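Note that the numbering runs from 1 along the sequence shown for the chain. Not measured: the values here are computed from a predicted model.
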Amino acid sequence: MSNREKEYNNPFSATVKGIMDLFKQRESVGKLGDEENLKGKKVLITGASSGLGLAAAKELARRGAVVIMAVRSGIPVKGDEVKSASGNSNVHMFFLNLTDFDSIRELVKQVKSRFGSIDILICNAAVVSAKARKTKHGLEEMFSVNYLAKFVLINLVLKEKLFNTDGLTVPRIIFVSSESHRNPKVFEWDTFGVFQVYGMGKSIERYGYYKLLMTTFAYELSRRLNPGNKTAFSIFAHCPGPVNSNIARETPGIFQPMLKLIFRIFFRSPEAACETVVYQAVSRQLEGMKWNYMFLMSRKPVDEKASDPENGRQLWEKTEELLRGKGIAF
Ligand SMILES: NC(=O)c1ccc[n+]([C@@H]2O[C@H](COP(=O)([O-])OP(=O)(O)OC[C@H]3O[C@@H](n4cnc5c(N)ncnc54)[C@H](OP(=O)(O)O)[C@@H]3O)[C@@H](O)[C@H]2O)c1
């Protein structure tokens, strides 16, 4: 394994790399003006009960969006927090457990019946599991939450025609990814979707691999939804950089105090780190773009494994095959 590949593959090196990345000089896309807003736009965001998602929900609500928080916990407390922080009462909460595909289907049904349509979908929720766990569908939890659930959610949203396609603005789908998607060397096609046992020592490596799957899916989605010159859907992804959130909650208790201290001192607050996701949701500069990937506030190409059309095709087909084999509708 080269040094480059080791960068994000264990908790210690991932933390150090994350901190170093914050201090590198990069060309910024600039800041969003206060006048740029989302008045009347409906934004569905997953994982809005904590960290980055919660901070983003507040800022999107402050910019006038109708915010639909799809969460596993924090109903109604986190919604009330978003309302009072933003001064916007047009904030709604729905239960969503991404390990359970029935829950995803139920969410899409409820949002459709309550709102008719959405303008922006933000796939933010993710987990770093301390060890491999099985979901009720017999799949590995981190694989399911961090990749597969997004495939199912988006396909159901498209199938139910939940996106607003009035032609006035292009619907946006935003993926919160991570620079760790660059770490894996290869796609594990032969064992795709097979439950594999791992422990804490491998969890960051697995996290990077699932971020690669998600980012490859995002890129392929952009290709499939925009076959011609016209942009039907804007597909955006980004890495927010290191965030002082609850992402490391499963780290063994003995390391928690040290990790919390490092996170607090060196990592950005969720309020600061959510600027990229808010930018991708709001910015007029991105209007009509088929694809955009950013690291912090700079544009950057994704890893070439993720943008490779052959990988995109294989991933899509393997995912469909897996879901069909499990009898999961999408
Ligand atoms: N923190 C970082 O340094 C960092 C760096 C790069 C990228 N990111 C990405 O940023 C995004 C947000 O993470 P964060 O840092 O804000 O972490 P966080 O504070 O742990 O938030 C994760 C969110 O995902 C939700 N979630 C986890 N499993 C779920 C499930 N099965 N069903 C529904 N929701 C579930 C959590 O819900 P509960 O509150 O109910 O658990 C929580 O709302 C993730 O995509 C992460 O990969 C983070």
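Taking 4.0 Å as the cut-off between side-chain N and carboxylate O, Glu141 and Arg206 do not count as a salt-bridged pair. Look at Lys109 and Glu106 and you find a salt bridge, because one of the NZ, NE, NH1 or NH2 atoms lies within 4.0 Å of a carboxylate O, short of that distance. Ion pair Lys300/Glu27 not flagged as a salt bridge, since none of the NZ, NE, NH1 or NH2 atoms sits closer than 4.0 Å to an Asp/Glu carboxylate oxygen. Under the 4.0 Å criterion applied to side-chain N and carboxylate O atoms, Asp308 and Lys305 are not assigned as salt-bridge partners. The pair Glu321-Arg324 does not meet the salt-bridge criterion, since no charged nitrogen lies less than 4.0 angstrom from a carboxylate oxygen.
Taking OG1 from Thr251 and CE from Met200, the interatomic distance works out to 4.0 Å, rounded to the nearest 0.5 Å. A distance of 8.5 Å separates CE in Met294 from CG in Leu296, rounded to the nearest 0.5 Å.
Shown here for Gln280 and Asn292, the closest heavy-atom pair between the two residues is NE2-OD1, 2.7 Å. Summarising the geometry of Trp291 relative to Thr215, their closest heavy-atom pair is CH2-O, 4.4 Å, with the distance given to 0.1 Å. When every heavy atom of Ser129 is checked against every heavy atom of Arg133, the shortest pair comes out as OG-NH2, 3.6 Å. Here the closest heavy-atom approach between residue Ser234 and residue Leu286 is recorded as OG-O, 4.4 Å. Summarising the geometry of Glu59 relative to Cys274, their closest heavy-atom pair is CB-SG, 4.5 Å, with the distance given to 0.1 Å. Between Thr99 and His137, the shortest heavy-atom contact is O-CD2, 3.3 Å.
Taking the six-membered ring where the residue is Trp, the centroids of His238 and Tyr279 are separated by 6.0 Å or more.
Taking the side chain as every heavy atom from C-beta outward, Leu38 and Ile120 approach each other to under 4.5 Å. Side chains of Leu322 and Leu148 form a contact here, defined as non-hydrogen atoms less than 4.5 Å apart. At a threshold of 4.5 Å between non-hydrogen side-chain atoms, the residues Phe330 and Ile104 do not count as touching. The shortest distance between side-chain heavy atoms of Phe263 and Pro242 does not fall below 4.5 Å. Between Asn244 and Ser269 there is no side-chain heavy-atom pair separated by less than 4.5 Å. In this structure, the side chains of Arg299 and Val29 come closer than 4.5 Å at one or more pairs of heavy atoms. For the pair Leu212 and Phe187, the minimum side-chain heavy-atom distance is below 4.5 Å.
Judged by the 6.0 Å and 45° rule, Lys134 forms a cation-pi pair with Phe195.
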Practice problem: List the steps, then state whether ring-ring contact (aromatic ring centres under 6.0 Å, His included) holds for Phe175 with His181. | Solution: CA-CA 12 Å; Phe175 293 84; His181 83 270; over 10 Å; no
List the steps and the verdict of salt bridge (Lys or Arg N to Asp or Glu O under 4.0 Å) for Lys58 and Glu81. CA-CA 8 Å; Lys58 289 177 188 169; Glu81 197 179 314; 2.8 Å; yes
Step by step, work out the salt bridge (Lys or Arg N to Asp or Glu O under 4.0 Å) result for Arg284 and Glu287. CA-CA 5 Å; Arg284 288 186 211 128; Glu287 193 56 40; over 6 Å; no
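At a cut-off of 3.5 Å, with distance as the only test, no side-chain donor of Asn311 or Thr216 sits close to an acceptor on the other residue.
Thr46 places a side-chain N or O within donor-acceptor distance of the main-chain N or O of Asn124, the cut-off being under 3.5 Å. No donor-acceptor distance shorter than 3.5 angstrom exists from the side chain of Asp119 to the backbone of Arg172, with no hydrogens or angles considered. Looking only at distances, no side-chain donor or acceptor of Thr231 sits under 3.5 Å from a matching main-chain atom of Met289.
Heavy atoms of other residues, nucleotides or ligands lying less than 6.0 angstrom from CD of Gln285 number 12 at most. Residue Lys136 places its NZ atom among more than 12 non-hydrogen atoms of other residues, nucleotides or ligands, all under 6.0 Å distant.
Below 30°, between 30° and 60°, or above 60°: for Phe151 and Phe217 the angle between ring planes is between 30° and 60°, a tilted geometry.
With respect to Phe143, the ring-ring contact (aromatic ring centres under 6.0 Å, His included) criterion is satisfied by exactly one of Phe192, Tyr198, Tyr207, Tyr209: Phe192.
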